[in-house]
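Step one of this worksheet: look at the structure below.
Throughout, numbering of the chain's residues begins at 1 and tracks the sequence.
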Amino acid sequence: MADSCQKRIELLAPARNRECGIEAIKHGADAVYIGAARFGARAAAGNSVEDIAELARFAHLYYARVYVTVNTILKDSELADTEALIWDLYRAGVDAILVQDMAILSMNLPPIALHASTQMDIRSVEKVRFLADCGFSRVVLARELSLDEIRNIHEACPDVELECFVHGALCVSYSGQCYASECCFGRSANRGECAQFCRLPFDLLDADGKVGVRGKHLLSLKDMCRIDSLEEMLDAGVVSFKIEGRLKEAGYVKNVTAAYSRRLDEIIARRSAANVESAPFVRISSGNVSYTFTPDVSKSFNRGFTDYFLHGRTNGIWSFDTPKSIGAPVGRVGHSGQGWLTVKGTAEFHNGDGLCYFDADGNLHGFRVNRVENGRIFLFDGGQESADIPENTPLYRNLDYEFDRTLSKESADRRIPVSIVFRDCEGGFQVPMSDGDGNSVSVQTDFEHQTARNSQTANIRAQLSKLGGTVFAASEVSVQMSADWFVPSSLLSELRRMAVDALISKRDECRPCPERRPAMPDAQYPSERLSYLGNVMNDEARSFYHNHGVPEVADAYEKQHVKGADIMFCRHCIRFAMGWCVRNGGTPSPYREPYSLRSSDGRQFTLHFDCTHCIMTVKSD
């Protein structure tokens with residue numbers, strides 16, 4: 001087990017379903033988060049309690065954990081079902097639940113750990129302290145926070161676990177503060193039904209109706225990738241590194257999980273070797289992972305990458321040309337003709353690859369590789385347009401066929417190292433077995449000692465090392481006999497099986513579990529008023545806030561639409577993106593404010609810029 005001075009950290013991977021969750025664990029995740037059949041912020045990614053129980057049993061073999069999202073806002077009529085579900089999840093072995101609706105804290109809950117979902121819009125010391133006082137052992141911070149903001153929260157609340165996103169799709173609005181989907185389509189993001197309003201194309205209009213930008217994805221951001229910032233985040237106080245993607249397929253989860261797991265292991269090993277005493281980290285789960293591939297996050301779905309606001313406000317977080325996956329750059333177009341092209345660069349191509357490029361107007365075009373022959377890439381559809389691609393056009397690969405084919409098979413093996421001893425004892429033989437987590441067992445069987453004709457040592461080691469059908473791998477097998485006794489292989493197999501079963505039981509008995517934090521009934525919410533932004537949809541949540549010092553609580557937007565309300569709150573700023581933010585070195589805009597966004601159906605949404613707090617809001621008609 002970890003020393004008390006070591007800080008236990010985790011890589012948290014998404015699970016669309018039981019199979020994805022199992023693959024995430026196999027590929028190095030310390031924990032997975034998954035949705036139940038109802039009440040999760042991804043309504044399209046629901047799972048039965050039985051499947052979640054099976055996932056938990058698998059994860060717990062490695063001391064990995066399973067968290068379930070119960071993070072939508074709830075109707076009064078749903079509260080009883082939510083309470084029953086949480087009890088079912090507890091009995092299924094779930095380690096924690098992620099929560100948005102505070103009505104859950106008023107329920108008769110089992111002793112299960114509570115995590116405050118990022119849907120709670122957590123970005124201040126005061127909010128974190130309140131949630132901790134209410135019984136949350138962990139908070140999932142807003143994606144928009146910088147390293148300094150994360151560090152300040154950790155220093156002010158060192159007893160609260162901080163979870164931060166490190167990879168995947170970005171919401172342009174602060175999570176839990178986006179009402180665009182509900183406003184336009186009647187599909188609430190706070191109810192798990194986001195229609196991805198932010199990925200639509202818009203025109204940017206000025207106060208005089210002039211079009212400054214036409215048909216661009218002005219609210220569409222690149223995908224987050226913080227794989228090169230993990231050590232900084234560790235030192236800032238983050239303990240859980242979260243990969244987005246509960247709608248992603250298994251191949252994505254395998255690759256991204258493996259990439260981040262390897263990077264965390266490299267950091268821990270390097271710091272341990274250098275004896276960095278200030279932050280001795282250890283992963284919460286057990287097992288060594290071997291891969292049949294080299295992880296590469298650029299080869300899985302992505303819209304281009306950004307570390308978002310981790311290092312402050314920087315250029316290049318947006319992807320205005322397309323919300324689709326562009327993949328990794330693979331070179332520039334050389335010569336081309338009808339149905340073929342050549343590429344300047346060192347990348348290797350394979351039959352079935354998917355390639356894409358942007359034309360002069362910023363439109364994305366894609367095609368599939370039919371065959372690669374004599375330096376030329378021939379296209380599946382005859383590729384009429386390939387003859388018109390200008391030389392030196394940047395080319396991207398958004399489908400690496402061979403890489404994906406590798407991931408479609410068994411691509412990782414995770415084993416817990418164990419030390420095994422074989423020794424004789426009075427009237428038989430004994431096999432002690434121990435793992436690296438401090439668990440030890442010993443099994444024995446009666447067997448008459450008979451002198452062997454040949455040395456038994458090699459066969460004993462070989463038979464006891466046969467752990468292929470288990471979660472274990474023998475790191476050491478020691479033979480300690482007072483004489484060279486005859487030991488049949490069948491006996492060794494039986495002792496091995498007994499030892500494996502005993503160690504699995506011992507590990508389960510001693511598995512460290514997250515505990516539910518005690519709540520302080522006199523905790524005071526850091527404000528005396530909650531507008532529709534508080535997302536209060538039921539009477540229990542309203543009473544909860546009343547009891548914690550909030551006399552004025554408005555209805556959730558989903559319960560009562562507010563005419564002319566701000567429906568998105570964004571740290572991303574279109575004025576800054578266009579180079580018109582004079583506070584950040586830009587030039588004055590040639591267009592008169594206020595600006596508005598016009599969607600393809602003609603609806604308009606006014607933009608407001610709060611430059612004091614660097615927030616852009618989008619207002620409904």
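- K75 approaches N538 most closely through the heavy-atom pair C-CB, 4.1 Å.
- Of the possible polar contacts, none joining the D121 side chain to the A142 backbone as a donor-acceptor pair under 3.5 Å is found.
- The backbone N or O of I268 sits nowhere less than 3.5 Å from a side-chain atom of S272 that would complete a donor-acceptor pair.
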Kindly list each side-chain donor-acceptor pair under 3.5 angstrom involving residues 19-28, sequence neighbours excluded, with atom names and distances?
unit_1: H27; atom_1: ND1; unit_2: E23; atom_2: O; d: 2.8
unit_1: H27; atom_1: NE2; unit_2: S411; atom_2: OG; d: 2.8

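- Evaluation of the ring pair (Phe, Tyr, Trp, His ring centres under 6.0 Å) rule for Y308 yields no partner, not counting sequence neighbours.
- Salt bridge annotation for R123-E144: absent, with no cationic side-chain nitrogen under 4.0 angstrom from a carboxylate oxygen.
- A donor-acceptor pair is defined here as one N or O able to donate and one able to accept, closer than 3.5 Å; no such pair exists between the side chain of N454 and the backbone of A452.
- In this structure a side-chain-to-backbone donor-acceptor pair under 3.5 Å is missing from N255 to G251.
- With L230 as the fixed residue, the side-chain contact (heavy atoms from CB on, under 4.5 Å) test singles out one of I267, I9, L11: I267.
- Side-chain contact annotation: N190 with Q119, donor-acceptor N/O pair under 3.5 Å present.
- Exactly one of N439, D95, D437 qualifies for a side-chain hydrogen bond (donor to acceptor under 3.5 Å, both in side chains) with R511. That residue is D95.
- Tested against F241, the residues L234, I227, D30 include a single side-chain contact (heavy atoms from CB on, under 4.5 Å) partner, L234.
- Remark: the S175 side chain and the R143 side chain contain an N/O donor-acceptor pair separated by less than 3.5 Å.
- Judged by distance alone, the side chains of T451 and D484 never bring a donor and an acceptor atom under 3.5 Å apart.
- Using a 4.0 Å cut-off between a side-chain N of Lys or Arg and a carboxylate O of Asp or Glu, R271 and E231 qualify as a salt bridge.
- Under 4.0 Å is where a charged nitrogen must lie from a carboxylate oxygen, and between D435 and R507 at least one such pair does.
- With salt bridges taken as basic N to acidic carboxylate O contacts below 4.0 Å, none links D404 and K299.
- For the pair S465 (side chain) and A462 (backbone), a donor-acceptor distance under 3.5 Å is absent.
- Checked for salt-bridge contact, D88 and R91 meet the test: a charged N lies under 4.0 Å from a carboxylate O.
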| message | The test is side-chain hydrogen bond (donor to acceptor under 3.5 Å, both in side chains); show your working for S325 and N302 and say whether it passes. | response | CA-CA 5 Å; S325 176; N302 71 85; 5.0 Å; no
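- Between R191 and D101 no salt bridge is recorded (no basic side-chain N to carboxylate O distance below 4.0 Å).
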| side-chain contact (heavy atoms from CB on, under 4.5 Å) between R138 and S240: does it pass, once the steps are laid out? | CA-CA 9 Å; R138 176 182 295 183; S240 179; 3.4 Å; yes
| query | So I153 and V139, side-chain contact (heavy atoms from CB on, under 4.5 Å) or not? Walk me through it. | reply | CA-CA 11 Å; I153 289 173; V139 299; 5.8 Å; no
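- Taking 4.0 Å as the cut-off between side-chain N and carboxylate O, D265 and R263 do not count as a salt-bridged pair.
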